[in-house]
Novice: 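What follows is a single structure, and I will ask about it in a moment.
Throughout, a chain's letter reflects where its sequence line sits, starting with A, and its residues are numbered from 1.
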There are 2 protein chains.
Amino acid sequence: MATDDLMTRALEMVGDDGPLSVEVIHSLTDLADVHESMTIAEVADLLDITPHTLRYYERAGLVEVARDSQGHRVYDAAAVRRLVFLTRMRLSGMPMRDLQHYIALVDAGQDTVPERLDMLLEHRDIIRRRIRELTLSLAATEYKIATYGGSTGPDVAALDTAADL
Amino acid sequence: MATDDLMTRALEMVGDDGPLSVEVIHSLTDLADVHESMTIAEVADLLDITPHTLRYYERAGLVEVARDSQGHRVYDAAAVRRLVFLTRMRLSGMPMRDLQHYIALVDAGQDTVPERLDMLLEHRDIIRRRIRELTLSLAATEYKIATYGGSTGPDVAALDTAADL
DNA sequence: CTATGGCTTTGAGCGCGCGCGAACGCAAAC
DNA sequence: GTTTGCGTTCGCGCGCGCTCAAAGCCATAG
């Protein structure tokens, strides 16, 4: 089950404007198919990213992955959990640099918990602002759709900032 | 007044979960300070982009701009309206290529209205999906914040997909 | 028993979208 | 006169990954 499927199912559960329940959150982290010792292809499929990207994350120092006797990567549950978190943050726009910083904090021990929390709070605000920006853009787009070729009277045309578009 | 200011004001008007009224849309398109014959600096300030970006858009064929006797760009109201639309679409994630296509349709005349409408509808769906993705990411982030260093009991830790993060 | 295709590894290099910077010139304004 | 603002062009940079190359292991197929 790819992450994209998870997202799609979760979105369906949420509906267009339903409340976000704890169940939805957990559905995103449905790790029923996360067993110990996953291959790179399995993890890639789970997270809906390419094996290349997984190797890229590893080189970036975001996660350490053991190798088997053939030198192939073996992802344990902890690595997968971390990657779930990382991909989720990436999806919400956190840049690689911040993720690297965050992981460095994690690896530095419990003393860095407050700073990690600060990062999460700041990221939360960024997401909120982005959602509101998009909400406005959505409204503008819908407004444009509604007035497009509809009533093209002078009033509407005058209000439309781009009547000729 | 920069577009960012407009956005900020509009966001304040909207509040955290207020309805999006027509007034809000119009506030985004408050063109009180759009007079005829604006300079590139004025337009850049209005749209909160750099003059460089404006020249880039012009080179990309998105807008035609007249010149004065000194060869300096002179933006008329129509150009500014188009740029308002373009920057709004950019802000909501429409790629340059699509904007170029859209503008080509606009310049091709009224026969292309249906296709333009299709583009807007598709873009609307993209924005909607993006908003829902971000909403889920926001919920996940808030969930993580809530459980971070709070009750670190075994139950919560077991539910947390990245308890060690 | 080979072979053919598919997975993996590493490393380096490429590409895209979107502008930004640097360099240089010209005209107006202080 | 020198500072300011605009013009143009060429090239660079960044974020994020993908592609390509060379090579090895495994399975299924002829």
Novice: Ignoring the backbone of A:His52, work out which of D:dC10, D:dC20, C:dT8 is nearest its side chain.
Specialist: D:dC20

Novice: Does a nitrogen or oxygen in the side chain of A:Thr53 sit under 4.0 Å from OP1 or OP2 of D:dC16?
Specialist: no

Novice: Counting side-chain heavy atoms from C-beta on, which of D:dC16, D:dC6, D:dC18 comes nearest to A:Arg59?
Specialist: D:dC18

Novice: Under 4.0 Å from OP1 or OP2 of C:dG19: is there any side-chain N or O of B:Tyr57 that close?
Specialist: yes

Novice: Atom CD of A:Glu58 to atom C1' of C:dT8: distance rounded to whole Å?
Specialist: 13 Å

Novice: Separation of A:Met89 atom CE from D:dG15 atom P, in whole Å?
Specialist: 20 Å

Novice: Please report the distance, rounded to the nearest Å, between CD1 in A:Ile49 and P in D:dC16.
Specialist: 14 Å

Novice: Measure from CZ on A:Arg55 to P on C:dT9 and round the result to the nearest Å.
Specialist: 5 Å

Novice: Between C:dC18, D:dG15, C:dT8, which nucleotide has the shortest distance from any of its atoms to the side chain of B:Arg90?
Specialist: C:dC18

Novice: With a cut-off of less than 4.0 Å, is there a side-chain N or O of B:Arg73 near OP1 or OP2 of D:dT8?
Specialist: yes

Novice: Tell me which nucleotide among D:dG17, C:dG19, C:dG21 gets nearest to the side chain of B:Tyr56.
Specialist: C:dG19

Novice: Distance check: side-chain N/O of A:Gln70 vs OP1/OP2 of D:dC26, anything under 4.0 Å?
Specialist: yes

